[in-house]
Engineer: 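Sharing a structure below in structure tokens format, with a few things to ask.
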Amino acid sequence: LDIISDITAIPEPDASFDAIMCVEVFEHLPEPIKAIQEFARLLKPGGHLILTAPFCSLTHFAPFHFYSGFNRYFYQKWLKELGFDIIEIVPNGNYFEFLQQEIMRLNLMSRKYAIKAKSLSLLEYFAIWKILRILKRFSENDLDSDNTLCYGYNVLSKKQNK
């Protein structure tokens with residue numbers, strides 16, 4: 001079911017849903033906490049809320065991009081405060097994978113924002129390849145670097161029975 005409306009004022013009755021899924025939207029909301037409040041109103045007691053949002057993201061869909069990301073502490077504070085129990089928070093990626101992604105964008109970004117610079121040399125391509133291999137090795141041996149940086153979190157929570 002897709003509803004097209006203001007996410008902070010959805011035209012549905014209280015406690016009318018068993019589950020709500022909101023995927024990669026929060027960074028585009030001026031007031032994401034109001035959306036969580038609305039989800040709490042709409043969910044039946046015991047209903048599930050599934051959320052994803054970037055932890056760190058580049059600006060996209062400008063001018064409708066208000067936040068660069070949400071870490072696990074955002075969810076832990078606001079979901080609990082607004083009447084949800086967190087079932088799980090699963091990181092998507094880790095610090096080293098995030099760096100790999102951004103280094104792989106280097107050529108594209110340089111062509112867009114450093115157009116007066118020369119193209120990457122063969123030696124520079126080799127250096128990038130080597131750095132990517134190092135980051136892959138670090139990622140394979142990662143010990144919770146997602147707390148510092150990752151793509152985002154997949155969050156499953158449940159509205160408390162009150």
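Throughout, residue positions are numbered sequentially from 1 according to the sequence presented.
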Engineer: Between CD1 of Ile36 and CH2 of Trp78, what distance do you get to the nearest 0.5 Å?
Structural biologist: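 CH2 of Trp78 is found 8.5 Å from CD1 of Ile36.
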Engineer: Examine distances only and state if a side-chain atom of Asp85 and a backbone atom of Gln160 form a donor-acceptor pair shorter than 3.5 Å.
Structural biologist: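 No, because the side chain of Asp85 does not come within donor-acceptor range (under 3.5 Å) of the backbone of Gln160.
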Engineer: Could you check whether Asn94 and Ser139, counting side-chain N and O atoms only, form a donor-acceptor pair closer than 3.5 Å?
Structural biologist: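 There is such a pair (donor and acceptor under 3.5 Å, judged by atom type) between the side chains of Ser139 and Asn94.
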Engineer: Do Pro91 and Asp144 come within less than 4.5 Å of each other through their side chains, counting heavy atoms only?
Structural biologist: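 Answer no - side chains too far apart.
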Engineer: Among residues at least two apart in sequence or on other chains, which ones pass side chain to side chain contact (heavy atoms under 4.5 Å, CB included) with Tyr73?
Structural biologist: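 Listed in chain order: Asn71, Gln76, Asn147.
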Engineer: Could you pull out all residues at least two apart from Ser68 that satisfy side chain to side chain contact (heavy atoms under 4.5 Å, CB included)?
Structural biologist: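 Side chain to side chain contact (heavy atoms under 4.5 Å, CB included) check on Ser68 returns His65.
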Engineer: Who else is in the cluster with Phe64 when I, L, V, M, F, W and Y are joined by side-chain contacts under 4.5 Å?
Structural biologist: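 Noted: Phe64 shares its cluster with no other residue.
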Engineer: Check side chain to side chain contact (heavy atoms under 4.5 Å, CB included) between Glu31 and all other residues, then give those that pass, not counting sequence neighbours.
Structural biologist: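 Counting only residues at least two positions away or on another chain, Glu31 forms a side chain to side chain contact (heavy atoms under 4.5 Å, CB included) with Lys34.
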Engineer: Spell out, yes or no, whether Ile20 and Val90 are grouped together once hydrophobic residues are joined by side-chain heavy atoms under 4.5 Å, including indirect joins.
Structural biologist: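 Cluster IDs for Ile20 and Val90 differ.
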Engineer: Please check if Ile87 and Leu49 belong to a single hydrophobic cluster, counting links between Ile, Leu, Val, Met, Phe, Trp and Tyr side chain heavy atoms closer than 4.5 Å.
Structural biologist: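 No, no single cluster joins them.
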Engineer: Excluding sequence neighbours, so at least two apart, what forms salt bridge (Lys or Arg N to Asp or Glu O under 4.0 Å) with Arg72?
Structural biologist: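 Checked Arg72 against salt bridge (Lys or Arg N to Asp or Glu O under 4.0 Å); matches are Asp146.
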Engineer: Which residue pairs satisfy the ring pair (Phe, Tyr, Trp, His ring centres under 6.0 Å) criterion with at least one member in residues 31-56, sequence neighbours excluded?
Structural biologist: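 For residues 31-56, and leaving out neighbouring residues, the ring pair (Phe, Tyr, Trp, His ring centres under 6.0 Å) pairs sorted by first residue read Phe55-Tyr153.
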Engineer: Count I, L, V, M, F, W, Y as connected when their side-chain heavy atoms are under 4.5 Å apart, and connections chain through other members. Are Leu29 and Ile3 then in the same cluster?
Structural biologist: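 Yes; Ile3 is reachable from Leu29 via cluster members.
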Engineer: Give the C-alpha distance, both sets of side-chain angles, the deciding distance and a yes or no for side-chain contact (heavy atoms from CB on, under 4.5 Å) between Leu51 and Leu79.
Structural biologist: CA-CA 11 Å; Leu51 296 171; Leu79 289 173; 4.2 Å; yes
Engineer: Look only at the side chain of Ser57 and the backbone of Pro54, and say whether a donor-acceptor pair between them is shorter than 3.5 Å.
Structural biologist: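 Checked: no pair found.
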Engineer: Does Thr52 reach the main-chain N or O of Glu24 with its side chain, forming a donor-acceptor pair under 3.5 Å?
Structural biologist: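 Side chain of Thr52 to backbone of Glu24, a donor-acceptor pair under 3.5 Å: yes, one is there.
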Engineer: Above 12 or not: heavy atoms from other molecules or residues under 6.0 Å from CG of Leu122?
Structural biologist: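 No, the 6.0 Å shell around CG holds no more than 12 heavy atoms from other groups.
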Engineer: Do Ser145 and Asp142 have side-chain atoms, one donor and one acceptor, less than 3.5 Å apart?
Structural biologist: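 Note: Ser145 and Asp142 side chains meet the donor-acceptor criterion.
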Engineer: For the CG atom of Leu42 and the NZ atom of Lys159, what is their distance to the nearest 0.5 Å?
Structural biologist: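 The NZ atom of Lys159 is 8.5 Å from CG of Leu42, to the nearest 0.5 Å.
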Engineer: Is Arg137 salt-bridged to Glu140, cutoff N-O under 4.0 Å?
Structural biologist: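 Not counted as a salt bridge, because no side-chain N and carboxylate O are separated by less than 4.0 Å.
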Engineer: State, to 0.1 Å, how close Phe26 and Cys22 come at their nearest heavy-atom pair, and which atoms those are.
Structural biologist: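 Distance-wise, the nearest heavy atoms are CE1-SG, 3.9 Å.
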Engineer: With sequence neighbours left out, write down each residue that passes side chain to side chain contact (heavy atoms under 4.5 Å, CB included) with Ile50, or none if nothing qualifies.
Structural biologist: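 Expected list: Met21, Leu156.
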Engineer: Using ring pair (Phe, Tyr, Trp, His ring centres under 6.0 Å) as the criterion, list what pairs up with Phe84, not counting sequence neighbours.
Structural biologist: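 Expected list: none.
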Engineer: Does the gap between the ring centers of Phe61 and His28 come in under 6.0 Å?
Structural biologist: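 Yes, ring centres under 6.0 Å apart.
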Engineer: Could you identify which residues cluster with Leu135, counting Ile, Leu, Val, Met, Phe, Trp and Tyr as linked when any side-chain heavy atoms lie under 4.5 Å apart, either directly or through a chain of such contacts?
Structural biologist: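 Members besides Leu135, by chain and number: Tyr95, Phe96, Phe98, Leu99, Ile103, Met104, Leu106, Leu120, Tyr125, Ile128, Ile131, Leu132, Ile134, Phe138, Leu149, Tyr151.
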Engineer: Tell me every residue that passes ring pair (Phe, Tyr, Trp, His ring centres under 6.0 Å) with Tyr67, counting only those two or more places apart in sequence or in another chain.
Structural biologist: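 With neighbours one apart ignored, the set is Phe70.
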Engineer: List the steps, then state whether side-chain contact (heavy atoms from CB on, under 4.5 Å) holds for Asn107 with Ser119.
Structural biologist: CA-CA 8 Å; Asn107 196 34; Ser119 297; 5.9 Å; no
Engineer: Does any part of the side chain of His60, heavy atoms only, come nearer than 4.5 Å to the side chain of Glu27, both counted from C-beta?
Structural biologist: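 Yes, close enough: below the 4.5 Å cut-off.
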Engineer: Which pairs count as side chain to side chain donor-acceptor pair (under 3.5 Å) when at least one residue sits in residues 37-46, sequence neighbours excluded?
Structural biologist: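 Every pair satisfying side chain to side chain donor-acceptor pair (under 3.5 Å) with a residue in residues 37-46: Asp14-Arg41, Asp18-Lys44, Glu38-Arg41.
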Engineer: Considering residues, nucleotides and ligands other than Arg133, do more than 12 of their heavy atoms fall under 6.0 Å from its CZ?
Structural biologist: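 Counting other residues, nucleotides and ligands, CZ of Arg133 stays at 12 neighbours or fewer.
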Engineer: What pairs of residues pass the ring pair (Phe, Tyr, Trp, His ring centres under 6.0 Å) test when at least one of them lies in residues 101-122, not counting sequence neighbours?
Structural biologist: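 For residues 101-122: none.
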Engineer: Has Lys158 got a side-chain atom pairing as donor or acceptor with Gly47's backbone, closer than 3.5 angstrom?
Structural biologist: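 Not a single qualifying donor-acceptor pair exists.
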Engineer: Start with the C-alpha gap between Ile10 and Ser5, add the side-chain angles, then the distance that decides, and say whether side-chain contact (heavy atoms from CB on, under 4.5 Å) holds.
Structural biologist: CA-CA 6 Å; Ile10 297 172; Ser5 73; 3.7 Å; yes
